[in-house]
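What follows is a short report on a single structure.
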2 protein chains.
Amino acid sequence: MVEHLPATLNGVFHALADPTRRAMVHHLASGERTVSELASPHAMSLAAASKHVRVLEQAGLLRRAIEGRVHRCSLERQPLVQAFSWLRAYTDFWDARFDALEDLLNAGDDDDRA
Amino acid sequence: MVEHLPATLNGVFHALADPTRRAMVHHLASGERTVSELASPHAMSLAAASKHVRVLEQAGLLRRAIEGRVHRCSLERQPLVQAFSWLRAYTDFWDARFDALEDLLNAGDDDDRA
DNA sequence: GCAATTATAAACCGAATGGTTGAGCATCTG
DNA sequence: CAGATGCTCAACCATTCGGTTTATAATTGC
């Protein structure tokens with residue numbers, strides 16, 4: 001079906017290391033945006049913003065649907081999950097608190113996958 | 001108490017965007033390492049590895065204890081947790097019950113822009 | 001058809017990255 | 001003391017990054 005690029009951690013972390021691009025991710029999280037819409041909050045030329053969009057796209061974080069002269073962009077979450085999963089191994093975030101949270105949140109027990 | 005640098009997402013994600021530095025983080029995850037120990041698996045000069053160590057240090061991911069001529073390095077997990085937390089908001093990886101988790105543990109939603 | 005809109009391309013620039021080599025500074029050891 | 005060890009610093013180099021400006025292509029609307 002849709003061909004995805006490998007979406008390496010290098011690319012994903014690099015893409016996220018820039019505040020403009022993180023803001024774009026944040027913006028995309030609530031729905032599709034055109035390149036202009038992604039660009040408008042930022043004090044830079046459209047061309048510069050377009051480059052940021054391209055970095056996100058090449059990192060696999062953004063998909064682009066060209067509709068006429070408009071490029072409609074959407075967030076691709078899978079590479080974010082990859083990065084998230086990588087980090088998870090090195091944070092004690094989970095292990096340190098999981099048990100306590102189980103107790104807190106498991107008032108009524110449902111199906112779970114973790 | 002020890003004075004830590006702010007540990008911005010910029011710095012943390014940038015530090016993690018390099019495979020050598022991710023390997024160093026991995027290496028450090030199992031315990032303290034000297035600079036030489038961190039350097040040895042990598043096909044580069046000690047000076048180059050030393051620069052990577054410095055990047056990790058400035059990102060707040062690594063703490064350094066100088067003992068004689070040896071620099072003993074340890075992993076600082078808190079900035080990893082910050083990055084983890086940022087990512088968490090954009091992955092739908094975990095189900096709704098863990099939203100409550102975020103409320104409990106919330107480290108704040110800072111967009112550091114610098 | 002023509003003008004405006006949306007977006008990329010290309011050329012350029014200064015600064016940062018990631019590597020090298022060589023020198024230098026402490027520190028441990030024989 | 002002399003030498004080896006652990007590590008950093010400084011200079012250098014090629015490449016990438018993040019921005020600019022100008023030009024150009026494609027689409028839409030009057």
Side-chain angles (χ1 to χ4, degrees), chain A residues 5 8-28 31-75, chain B residues 5-28 31-75 111-114:
Chain A
L5 295 178
T8 66
L9 286 177
N10 288 3
V12 174
F13 281 132
H14 167 69
L16 297 179
D18 184 280
T20 299
R21 291 192 291 261
R22 283 200 305 280
M24 286 178 170
V25 167
H26 181 74
H27 204 179
L28 285 168
E32 291 190 347
R33 297 285 187 276
T34 69
V35 173
S36 293
E37 287 169 350
L38 288 174
S40 60
H42 306 289
M44 65 181 65
S45 66
L46 180 61
S50 173
K51 286 188 189 178
H52 283 299
V53 169
R54 174 141 254 269
V55 170
L56 290 169
E57 187 180 24
Q58 291 184 319
L61 289 168
L62 181 150
R63 222 181 328 153
R64 185 192 302 254
I66 300 178
E67 297 174 6
R69 56 184 172 179
V70 166
H71 295 202
R72 199 157 303 275
C73 304
S74 58
L75 186 62
Chain B
L5 295 178
T8 67
L9 287 176
N10 287 1
V12 174
F13 281 132
H14 167 68
L16 296 179
D18 184 280
T20 299
R21 290 191 292 260
R22 283 200 306 279
M24 286 177 170
V25 167
H26 181 75
H27 204 178
L28 285 168
E32 291 188 348
R33 298 286 188 275
T34 69
V35 173
S36 293
E37 287 168 348
L38 289 174
S40 61
H42 306 288
M44 66 181 63
S45 66
L46 180 62
S50 173
K51 285 188 189 178
H52 283 299
V53 169
R54 174 142 253 270
V55 170
L56 289 169
E57 186 180 23
Q58 289 183 319
L61 290 166
L62 180 150
R63 219 181 330 151
R64 185 192 303 253
I66 301 178
E67 297 174 7
R69 56 186 173 177
V70 167
H71 294 201
R72 198 157 304 274
C73 304
S74 58
L75 186 62
D111 256 8
D112 60 313
R113 170 161 308 258

Inset, instruction - Specify the separation, in whole Å, of atom CE of M24(A) and atom P of dA7(C). - result: 11 Å

Inset, instruction - Give the rounded distance in Å between these two atoms: CD of E37(A) and P of dT5(C). - result: 16 Å

Inset, instruction - Please report the closest heavy-atom contact between H14(B) and A17(A), naming both atoms and the distance. - result: N-CB, 3.5 Å

Inset, instruction - May I ask you to evaluate whether S36(A) reaches the phosphate of dA7(C), defined as a side-chain N or O under 4.0 Å from OP1 or OP2? - result: yes

Inset, instruction - Kindly say whether C73(B) contributes a backbone atom to a donor-acceptor pair with the side chain of R33(B) at under 3.5 angstrom? - result: no

Legend entry - Whole-Å gap separating C1' (dG19(C)) and CZ (R54(B)): 17 Å

Legend entry - Closest heavy-atom pair and its distance - E37(B), H27(B): O-CE1, 3.4 Å

Legend entry - Between dC17(D) (P) and L16(A) (CG): distance, integer Å: 14 Å

Inset, instruction - Could you state the atom-to-atom distance from NE2 of H71(B) to P of dT5(D) in whole Å? - result: 17 Å

Legend entry - Protein-nucleotide distance (I66(B), atom CD1; dC25(C), atom P), rounded to Å: 17 Å

Legend entry - Under 4.0 Å protein heavy-atom contact, by nucleotide of nucleotides 18-30 of chain D - B base, S sugar-phosphate only: SBBB-----BS--

Legend entry - Side-chain heavy atoms of L28(A) within contact of L61(A), under 4.5 Å: no

Legend entry - Polar side-chain atom of R21(A) near backbone of L16(A) as donor-acceptor pair, under 3.5 Å: no

Inset, instruction - Considering non-hydrogen atoms only, spot the tightest contact between A59(B) and G11(B) and give its length. - result: CB-O, 3.5 Å

